[in-house]
Q: 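Can you keep this structure in mind? I'll have questions shortly.
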Amino acid sequence: MKSLSADRFHLGWFYSKGFGPKAWKHPWAGSAVDRFTKPDMAVDLARAMERAGFDYLMIEDSSNVPYTFQGSHDAYLRNSVDTPKLDPTVLAPFLVAATKHLGVVVTCSTTEYHPFMLARKMNALDHVSDGRIGWNVVTGSNDGGAQNYGRERQFPHDERYDMADEFLELTHRLWDAWEPDAVVLDLEAGVFADGSKVHPVDFEGKYFRCRGPLSSPRSPQGSPVICQAGGSARGRRFAAQWAETIIANAETPEQMKAYRDDVRARAADAGRNPDDIKVLFLACPIIGDTRADAEARLTADLTLTDDRIEYGLAHMSRLSGIDFSKFDLDEPLPKLKSNGHQSMVKALEGKVLRDMLKRAQRFGSDLFVGTAEDVAAVMDEVMQEVGGDGFLMVNSYFSRRYVMEICDGLVPELQKRDLTRTHYEHEHFRDNLLAF
C-alpha cells in the first residue's frame, strides 16, 4: 500500500430489493415492516445521504414474482426474496423533493420499455429534479420477467446487449432532438419555441424504430446519468461505451483494480475519456463501537440459518435462471450454463455452494469491519491501491440504524481524512460525479 492518503473518492448507495420490504425480520426494522409501500424509509435514507455528501442513491428493481427456485414462487414470497417491488420511477420524485443535491438513479430495463417511452420518462424526471436523475440500465435476466411482457423467455445474453446498444443510441438521439436554446419564450413575438431547433430523429434500427422528436424540451442535464453493472465481457464492453458510473463487485483490492483498469482501457478504445466513468465497488461495512463488536456482527452475518440458506438459493436462482435447489450444498458446483447474470454464474462454478452463500451475505468482501476509524483507514488504503473511484454501500438487512452507522459514523471519519466531500460542488448530478 502507498503511504499517503488516496485521492478524494465518491460514495453511493445501492438500495437493494428496490422499492419494497426492508429489514422486516430485523430487530431494528421499526415502521419499515408495515410501511414498505410508502416512501418513508427511502426518504430518510436520502436525507441522511445528502447530509453525508453522497453522490447518488440507486434504486434496484425487477418486475416479476420469481418462480425459478423449486419451480415455485412460494420461497420468494415466504422470505420476500426479490419481491414484492414497486415501480422505482414513482419513488424517485419523493426523493428529489426531500433533497437538494443528491442524485437519484432508477432502474429500468431495455427489454421492458420502448425507447421513446423511457426517454420521455427520464426527461421528465430530470426536469422535475432540476438535473439530478440517473438511469441504471439493465437488460433483464429472468424468463419470468419476459413472460410478463408477452415473451416466452429472455433474449440471449449477448443479444440483449446488442439491443441495449441500439436502445441507448436512440434514446440519446431523442434527448438531443431539442437544441439547448430551442425554447425561446418570446412573448413580444409570440414564439414559444424555434421549430428550426427541434429535429425529427427518423431512427430505423434492427430492433427499434422511432420518428421523434421527443415531446418535451431538453432537460437540465440533457440526458440522465447512465449507470450500469456489466460484469461479463459483453457487459463491460457495453459499460465502456455508455456508462458514466458502474456498479462493480469484487472481493479484493487486486480484483477491484483489475476490473477498473479493464473498463478504463475499453473506454479509451471506444474513444472516451476513462475519467468520465466512475466505478463504485459494492461495500457492506460493519461499524462497531469496538473492533470486537464489529467482528461479532460479522460472525453473525456469516451464520447460515435455514431461512438464510433458502433466501440465498432463491436469490441466486432468480439472477441466474438456474434452480440451485438441485445441487448439494457441500459439493463443488459443476460447469453451469445460464442466460442470466454471466459473471455471477462464472464465479460460482467449481465452488462449494454453502461457502458461496456465506459470501453472498457479505456482497463478497470482509475488508470493511471495525470501528468507524478502522474502516475509514482501510477504505483509504484500498482506494490507494485501486486508484479510484469509490464505494457503493449495500446491506441485506437494511435498517435506519445501519443508515446512521454509515452516514453519521463512517462518513465523518472519511471526511476527516479528506477522502470524501463535505459539500456539493455543483447543481447537477453529472457535474458532481465529475468533480473529482
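Values below: all heavy atoms of this structure, side chains included; hydrogens, waters and symmetry mates excluded.
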Q: Is it true that atom CE of Met117 has more than 12 heavy atoms of other residues, nucleotides or ligands lying nearer than 6.0 Å?
A: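 No - once you tally the heavy atoms of other residues, nucleotides and ligands closer than 6.0 Å, there are 12 at most.
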
Q: Just checking Arg8: does its CZ atom have more than 12 heavy atoms from other residues, nucleotides or ligands closer to it than 6.0 angstrom?
A: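 Yes - once you tally the heavy atoms of other residues, nucleotides and ligands closer than 6.0 Å, there are more than 12.
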
Q: Checking Lys22 against Tyr15: charged group under 6.0 Å from the ring centre and within 45 degrees of the axis?
A: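 Checked: cation-pi criterion met.
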
Q: Is there a donor in the side chain of Asn79 and an acceptor in the side chain of Glu310, or the other way round, less than 3.5 Å apart?
A: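 Their side chains do contain a donor-acceptor pair, which is all the 3.5 Å distance test asks for.
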
Q: Please collect all salt bridge (charged side-chain N to carboxylate O under 4.0 Å, His left out) contacts where either partner lies in residues 319-338, sequence neighbours excluded, each pair once.
A: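 Found Asp330-Arg354.
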
Q: Below 4.0 angstrom, N of the basic side chain to O of the carboxylate: do Asp126 and Arg430 qualify?
A: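 Looking at Asp126 and Arg430, the cut-off is not met.
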
Q: Do any pairs count as a ring pair (Phe, Tyr, Trp, His ring centres under 6.0 Å) and have a residue in residues 98-149, sequence neighbours left out, and if so which ones?
A: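 Every ring pair (Phe, Tyr, Trp, His ring centres under 6.0 Å) pair that includes a residue of residues 98-149, provided the two are not neighbours, is His101-Tyr424, Trp135-Phe167.
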
Q: Checking the side chain of Asn142 only, and the main-chain atoms of Arg318 only, is there a donor and an acceptor separated by less than 3.5 Å?
A: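 Between the backbone of Arg318 and the side chain of Asn142 there is a qualifying donor-acceptor contact (under 3.5 Å).
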
Q: Could you check whether the rings of Phe238 and Trp242 sit parallel, tilted or perpendicular, using 30° and 60° as the cut-offs?
A: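 Judged by the thresholds at 30° and 60°, the geometry between Phe238 and Trp242 is tilted.
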
Q: Would you find a donor on one side and an acceptor on the other, under 3.5 Å apart, between the side chain of Arg266 and the backbone of Ala239?
A: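 Checked: no pair found.
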
Q: Any sub-3.5 Å donor-acceptor pair from Arg78's side-chain atoms to Asp307's backbone N or O?
A: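 No.
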
Q: Determine whether the aromatic ring centres of residues His10 and Phe436 are separated by less than 6.0 angstrom.
A: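 Yes - the distance between ring centres of Phe436 and His10 falls below the 6.0 Å cut-off.
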
Q: Okay, side chain of Ser338, backbone of Ser320: is any donor-acceptor separation there less than 3.5 Å?
A: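 At least one qualifying donor-acceptor pair exists.
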
Q: Can you tell me if Arg297 has over 12 outside heavy atoms packed within less than 6.0 Å of its CZ?
A: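 Check passes, neighbour count above 12.
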
Q: Does the side chain of Met404 reach to within under 4.5 Å of the side chain of Arg400, using non-hydrogen atoms?
A: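 Met404 does not reach Arg400 side chain to side chain.
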
Q: State yes or no: are the ring centers of Phe208 and Phe203 separated by less than 6.0 Å?
A: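 No.
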
Q: Using 30° and 60° as the class boundaries, would you call the ring planes of Phe324 and Phe327 parallel, tilted or perpendicular?
A: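 Rings of Phe324 and Phe327: tilted, as their planes differ by 30° to 60°.
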
